[in-house]
Amino acid sequence: MHRWSKLFVPTLREVPSDAEVASHKFLLRAGYVRQLGAGIYSYLFLGQRSVNKIIAIVREEMDLIGQEFLLPALNPAEIWQESGRWTGMGQNMFRLQDRKGAWLALGMTHEEVMTDIARKELRSYKQLPQIWYQIQTKFRDEPRPKSGLLRVRQFLMKDSYSFDIDAAGLDRSFDLHDQVYRKIFTRCGLSFVAVEADSGAMGGSQSQEFMVYTEAGEDLIASCACCGYAANMEKAVSRLAPLQDLAPTGDGQPELVFTPGKGAIADVAEFFHISPAQDVKTVAYMVETKSAKGESVWHPVAAFLRGDHFVNETKLLGLLGGSDLRTMQAEELETWFRGPAGYLGPIGLAPAASLLDGKLNVIVDAALEGRTNMVCGANKLDYHFRNVTPGRDFSWTIAADIRNVAEGEGCPTCGAPLKVAKAVEVGHIFKLGYKYTESMGARVLDPNGKEVTPIMGSYGIGIERILTAAIEQGNDPNGFWLPPSIAPFDVVVTITNVSDAALLAAGEKVAADLEAAGFDVLLDDRNERAGVKFKDADLIGIPYRVNIGKKVAEGKVELVRRASAASEDVEMAGIALALSNAALPA
RNA sequence: CGGGGCGUAGCGCAGCCUGGUAGCGCAUCUGCUUUGGGAGCAGAGGGCCGGGGGUUCGAAUCCCUCCGCCCCGACCA
C-alpha cells in the first residue's frame with residue numbers, strides 16, 4: 001500500500017503551455033512525467049509504475065515465444081557500415097566519437113547487433129528458429145519531436161528479431177508475433193486495429209502495423225467497417241466508382257484549346273464544364289536514388305493522375321526505389337516539359353523506356369488506364385488539350401497505383417465505403433528477408449550440409465506509446481482513466497477528512513482489505529479538503545476510487561468508477577468483493 | 001531545414017509598442033478557522049526578466065547575436 005501523503009505526485013492545476021495533445025497535458029498534470037528537453041522526458045513515480053506494468057505484460061507474453069536479451073545502446077559504427085545503414089539512416093541516428101576518434105552510434109533499432117550475434121554463433125539449421133527480444137531505450141534524432149510523448153528522441157521499445165531457415169519459417173515467426181501482439185494490446189486495454197503497412201526504410205516484404213485510432217495520431221488509416229479491411233494510407237487501395245467518360249468533340253482527336261489563366265484543376269474543370277475527374281493532373285518531381293556507395297542521383301519524374309486524386313509520395317518513392325523527392329523547379333519543368341506549371345501535360349513527352357534510365361520517367365496512375373476523352377495541360381502557357389485518351393495520345397514508362405485513397409471510396413475487398421481516420425502506431429511487425437543476414441554474412445548449414453542465409457523478421461512495440469495511446473482513448477476535461485492492467489494503481493482510497501479519526505481508521509482498514517485481496521492500492525491520507533482529493537483522483541488515471549466518507553457511520557463506503565463516474569454504496573466489509581466484481585479480469 | 005510563436009517567481013500570465021529600477025492569479029511557508037468537488041482571513045518567502053554584447057545617465061522594455069521550447073510544413077522501422 002502506498003500512502004499519498006508520503007509520495008511525490010506533483011499534480012498541476014493549470015495546463016502547461018507547451019502541451020497540445022491530451023496525453024501530453026495529462027501526463028504532465030498528473031505528475032507522470034516531466035520534460036528535460038525537446039523529445040526527452042523523465043518518468044516520475046506514477047509514470048514509471050504504469051510503464052512497468054506495460055513491460056510486465058509485454059514480457060510475459062513475449063516469453064511464450066522468445067528469449068529476452070539485453071543489448072548495448074552504444075554501437076560501433078562498423079556494424080552499421082556493414083549493413084549499409086551508417087549512411088542509409090541519414091541524420092536520424094545519433095552519432096558520437098570516443099576519445100580515440102572512433103565513431104559510435106546510439107542504437108535506434110538493433111538489427112545489426114542481433115545479426116552480429118547470429119552470425120558469430122549460429123551454425124546449423126538445428127539451432128533455428130530463434131526469436132530474440134529486448135526491452136530497451138532507443139534513440140532517434142527526430143527532425144521534429146512533437147505531440148508530447150508521441151514522437152520523442154529517446155524511448156522504450158520492445159524489439160524482437162526472428163531467424164529462420166526459410167520463408168515458411170519466417171511466416172510462422174511472423175504469425176506468432178501477430179498473435180502475441182494482439183494478446184498484448186488486448187491485455188493493455190487498447191482498442192486497436194492491425195493494418196497493412198509500407199515497410200519503409202527497413203527493407204522487407206510483408207509488413208503490418210498495430211494502430212490505435214486517435215486524433216493525435218500522425219498516420220492515416222483507411223478501413224472498412226463491413227469486412228475489416230484496414231491499411232495505412234501509404235499502402236491502402238480502393239475500388240473507384242465507374243465514371244462516365246466525356247463524349248468526344250469534333251473529330252475526336254486531341255484539340256488545343258485556349259484556356260487563359262486556367263492553371264488550377266478547379267479552374268480548368270469550370271472552364272470546360274467538366275468534373276475534375278475528367279481532367280489529368282500533372283505532378284512533376286525530382287526523385288533521389290542512392291548508389292551503393294551512398295552517392296545520390298536525381299531523376300526526373302512526371303506523374304499523371306485523375307484531377308481529383310492526390311499523389312501518395314510514399315507509393316511513388318517505393319515504385320522508383322527512391323530515397324527522397326522534391327517537386328521540380330521552373331527551370332526543370334522547362335527542360336522536361338517545355339511548359340510552365342499549371343499547364344503541364346503528358347502529350348509530346350518522351351518517356352523513358354524503363355525506370356531510371358536517364359530519361360523522363362512517366363508514371364501514370366492506374367486510375368487513368370482505360371479512360372477516354374480527358375482534358376490535360378498542353379505544356380504551353382494558357383493552353384489545354386481535350387479529347388485526350390491515355391494510351392492512344394500518350395504513352396508512359398509505367399502505370400501503377402500512386403494515389404491516395406480517399407474517404408468514401410470502395411473497399412478493395414468488399415466494395416463498402418472506406419473510412420479514413422487518424423491513428424497512432426503502437427506496434428509494427430515485418431518480414432525483413434535477407435537484408436541484414438546477407439550483408440553481414442550470417443550463414444548456417446542446412447540438412448544437406450549446404451550453406452544458407454537465415455531469413456529475418458523484425459517486430460517492435462512502443463512501450464510508452466501504449467500509455468499515451470490509452471490516455472488518448474480515455475480522457476475527459478477532468479483527467480483520464482487507464483485500463484486497470486496498466487494503471488499505476490487499481491484503486492485510490494480517498495479518506496475525505498483525515499482529521500476524523502473514525503474515517504482515518506476506516507480508510508486504513510479498507511485499504512488493507514483491498515491490498516490483501518490483491519489490488520494495488522493508493523491510500524489518499526493527505527490532510528487536504530475532499531474536493532482537492534477528488535480532483536486529483538479524477539486526474540491521475542486510476543480506474544477506481546473508494547470514498548471513505550460520512551456513510552462510514554452506517555458501515556458503508558462508496559465505490560466510484562472513473563470512466564463512467566458511476567458510483568454505488570457498498571458495505572465496508574465487502575469492498576474487496578465489490579471491487580473484484582466491478583473490475584474486469586486482467 | 002523552411003514558416004510562425006514564445007522565453008518575466010514552481011505553474012499560468014501581465015508589463016515591452018511609448019526606457020525610469022518588476023506585478024497579478026494559483027502554488028509554497030506560518031498562524032487561526034474550515035473539511036464531499038481545487039476553502040477563508042492574516043502574515044511571509046521566492047526573480048542575474050533565457051545567455052552574451054551594444055545603445056543610453058538609466059534596459060525586462062530599443063539594437064545585434066547566440067541558446068532553448070512549442071506549433072505548421074518538410075521529415076518520420
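Note on naming: letters A, B, ... go to the chains in the order of the sequence lines (proteins, then strands), and numbering restarts at 1 for each one. These figures come from a predicted structure and were not determined experimentally. All values below come from the heavy atoms of this structure, side chains included, with hydrogens, waters and symmetry mates left out.
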Cation over ring, [X] on [Y], under 6.0 Å and within 45°?
X        : Y        : value
A/Arg326 : A/Trp298 : yes
A/Arg95  : A/Trp80  : no
A/Lys25  : A/Phe480 : no

Base-pairing assignment for [N] (Watson-Crick or G-U wobble, both under 3.5 Å):
N     : answer
B/C29 : B/G43
B/C48 : none
B/G7  : B/C67
B/U21 : none
B/A59 : none
B/G36 : none

Which nucleotide wins on minimum distance to the side chain of [X], given the candidates [options]?
X        : options             : value
A/Leu325 : B/C75, B/C69, B/A77 : B/C75
A/Thr11  : B/U34, B/A74, B/G38 : B/G38
A/Asn497 : B/U35, B/A74, B/A77 : B/U35
A/Val532 : B/U35, B/G38, B/A77 : B/G38
A/Thr109 : B/G37, B/A77, B/U35 : B/A77
A/Ala38  : B/C69, B/C11, B/C75 : B/C69
A/Ser499 : B/G36, B/A77, B/U35 : B/U35
A/Arg529 : B/G12, B/U35, B/C75 : B/U35
A/Arg29  : B/U35, B/G38, B/A77 : B/G38

For [N], take OP1 and OP2 only and decide whether either is under 4.0 Å from a side-chain N or O of [X].
X        : N     : answer
A/Arg144 : B/C75 : no
A/Lys533 : B/G37 : no
A/Ser17  : B/C13 : yes
A/Gln35  : B/C70 : yes

Heavy atoms only, 4.0 Å cut-off, all strands: where does [X] land among base, sugar-phosphate and nothing?
X        : answer
A/Gln208 : nothing
A/Arg465 : nothing
A/Arg151 : base
A/Asp500 : nothing
A/Val498 : nothing

Salt bridge between A/Glu508 and A/Arg3, side-chain N to carboxylate O under 4.0 Å?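 A/Arg3 and A/Glu508: salt-bridged.
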When the distance from [atom1] of [X] to [atom2] of [N] is rounded to whole Å, what number comes out?
X        : N     : atom1 : atom2 : answer
A/Leu36  : B/G68 : CG    : P     : 13 Å
A/Lys146 : B/G68 : NZ    : C1'   : 20 Å
A/Lys431 : B/A77 : NZ    : P     : 21 Å

Ignoring hydrogens and angles, does a donor from either the side chain of A/Glu14 or the base of B/G25 sit under 3.5 Å from an acceptor on the other?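 Present.
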B/G37 base to A/Arg13 side chain: any donor-acceptor pair below 3.5 Å?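 Check fails, no donor-acceptor contact within cut-off.
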Just wondering, are more than 12 heavy atoms of other shown residues or ligands nearer than 6.0 Å to NZ in A/Lys556?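 No.
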Between [M] and [N], how far apart are the [atom1] atoms? Round to whole Å, please.
N     : M     : atom1 : result
B/G10 : B/C29 : P     : 15 Å
B/C62 : B/U18 : P     : 9 Å
B/U35 : B/G40 : P     : 14 Å

Are any of the side-chain heavy atoms of A/Leu220 and A/Asn232 separated by less than 4.5 Å?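 A/Leu220 does not reach A/Asn232 side chain to side chain.
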How about A/His177 and A/Tyr161: are their ring centres within less than 6.0 Å of each other?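 For A/His177 and A/Tyr161, the ring centres are not under 6.0 Å apart.
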